[in-house]
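To start, the structure itself, in structure tokens.
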Amino acid sequence: MLPSTQQALVDISVVPVEPTTIRTLAHKRFPENVLLSEIRACAEDHFVCIGRIPTDHRFFNDRGRTPREDILFYTEVGRQASLAVTHAFLHVSLDDVFIFERSRAEVTPAIWSLPPASDRVVIEITLKETICRKNTVTRVVAEHVMSVGGAHVFRGTGTWTIQSAALFKRLRRTAVDTAAHA
């Protein structure tokens with residue numbers, strides 16, 4: 001049985017990850033775009049991440065937007081958590097390329113009644129399917145549940161494939177060459 005959110009929250013507080021490590025795992029160049037602050041494995045297929053709800057991010061706080069009520073914010077913090085978990089716990093190389101194939105996402109009505117002081121989001125990731133080829137993870141399907149202030153605000157499922165950088169470049173070059181000769 002998977003640990004409950006409350007157990008995971010207690011466990012996660014003891015393992016901080018350095019901000020530069022998180023930035024690398026989330027594939028972000030600029031620190032202000034990193035929304036994650038902590039990641040933790042609770043089981044081999046269950047992970048909990050903590051993300052910050054930014055008050056000064058140029059995109060998520062632009063002209064009346066608030067990240068706490070924005071499905072794009074939850075999608076981005078979920079994407080960053082997916083990358084970080086895949087690198088840190090599934091041992092995928094930092095050089096590999098991620099291709100997000102499919103996602104389903106929904107916010108819950110709880111986002112409209114969050115307390116203004118909520119400054120972090122808890123992201124629970126449960127792996128539903130992990131495909132390996134030659135002992136290397138090549139595809140992941142995961143469920144994401146996010147909470148703010150104890151209230152579930154987001155549910156979604158994401159699917160991503162992982163390719164080596166060399167294969168990705170070769171496939172892109174072939175696609176460009178084919179398009180140029182068409």
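Since the structure is predicted, the reported quantities are computational estimates derived from the model, not experimental observations.
A heavy-atom distance below 4.5 Å is found between the side chains of Leu35 and Glu76. Taking the side chain as every heavy atom from C-beta outward, Ile162 and Val97 never approach each other to under 4.5 Å. With a 4.5 Å cut-off on side-chain heavy atoms, Lys128 and Glu143 count as touching. Put simply, the side chain of Tyr74 reaches to within 4.5 Å of the side chain of Val121, judged on heavy atoms. You'll find the side chain of Phe100 reaches within 4.5 Å of the side chain of Arg79, heavy atoms only. Taking the side chain as every heavy atom from C-beta outward, Val141 and Thr157 approach each other to under 4.5 Å.
A search for side chain to side chain contact (heavy atoms under 4.5 Å, CB included) contacts involving Ala142 returns Ile125, Leu127, Val140, His144, Trp160, not counting sequence neighbours. Taking Ser103 as the reference, nothing meets the side chain to side chain donor-acceptor pair (under 3.5 Å) condition, with sequence neighbours excluded. Here Glu101 pairs with Arg139 under the salt bridge (charged side-chain N to carboxylate O under 4.0 Å, His left out) rule; sequence neighbours left out.
Rounding to the nearest 0.5 angstrom, the gap separating the CG atom in Leu94 from the NE2 atom in His87 is 5.0 Å. To the nearest 0.5 angstrom, Cys49 atom SG is 9.0 Å from Met146 atom CE. Expressed to the nearest 0.5 Å, how far OG1 of Thr159 lies from CZ of Arg104 amounts to 10.5 Å.
Across all their heavy atoms, Ser147 and Gly150 have their closest contact at CB-C, 4.5 Å. Of all the heavy atoms in Leu114 and Ala151, the pair that sits closest is CD2-CB, 4.3 Å. Summarising the geometry of Ser118 relative to Val148, their closest heavy-atom pair is CB-CG1, 3.3 Å, with the distance given to 0.1 Å.
Residues His46 and Phe89 keep their aromatic ring centres 6.0 Å or farther apart.
Applying the salt bridge (Lys or Arg N to Asp or Glu O under 4.0 Å) test to pairs two or more places apart or on separate chains, none has a residue in residues 88-98. Pairs engaging residues 146-164 under the salt bridge (Lys or Arg N to Asp or Glu O under 4.0 Å) rule: Glu106-Arg155 [sequence neighbours left out].
Heavy-atom contacts from other residues, nucleotides or ligands closer than 6.0 Å to CD of Glu129 number more than 12.
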(message) For a side-chain contact (heavy atoms from CB on, under 4.5 Å) check, start with the C-alpha distance between Val122 and Ile50, then their side-chain angles and the critical distance, and finish with the verdict.
(response) CA-CA 5 Å; Val122 177; Ile50 301 295; 3.7 Å; yes
(request) Report the C-alpha distance between Ile123 and Val77 in whole Å, list the side-chain angles of each, state the deciding distance to 0.1 Å, and finish with yes or no for side-chain contact (heavy atoms from CB on, under 4.5 Å). (result) CA-CA 8 Å; Ile123 305 108; Val77 76; 3.9 Å; yes
(message) Could you walk me through whether Phe154 and Thr75 satisfy the side-chain contact (heavy atoms from CB on, under 4.5 Å) test, starting with their C-alpha distance in whole Å, then the side-chain angles of each, then the deciding distance to 0.1 Å, before giving a yes or no?
(response) CA-CA 9 Å; Phe154 177 96; Thr75 303; 4.2 Å; yes
(request) Output, in order, the C-alpha distance, side-chain angles, deciding distance and verdict of side-chain contact (heavy atoms from CB on, under 4.5 Å) for Thr86 and Phe98. (result) CA-CA 10 Å; Thr86 303; Phe98 287 68; 3.6 Å; yes
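Under a hydrophobic-cluster definition in which Ile, Leu, Val, Met, Phe, Trp and Tyr are linked whenever side-chain heavy atoms come within less than 4.5 Å, directly or via other members, Val137 and Ile39 are assigned to the same cluster. Both Leu36 and Val92 sit in one connected hydrophobic cluster of ILVMFWY residues. Membership requires side-chain heavy atoms under 4.5 Å apart, directly or through other members.
Side-chain N/O atoms of His152 and Thr108 include no donor and acceptor closer than 3.5 Å.
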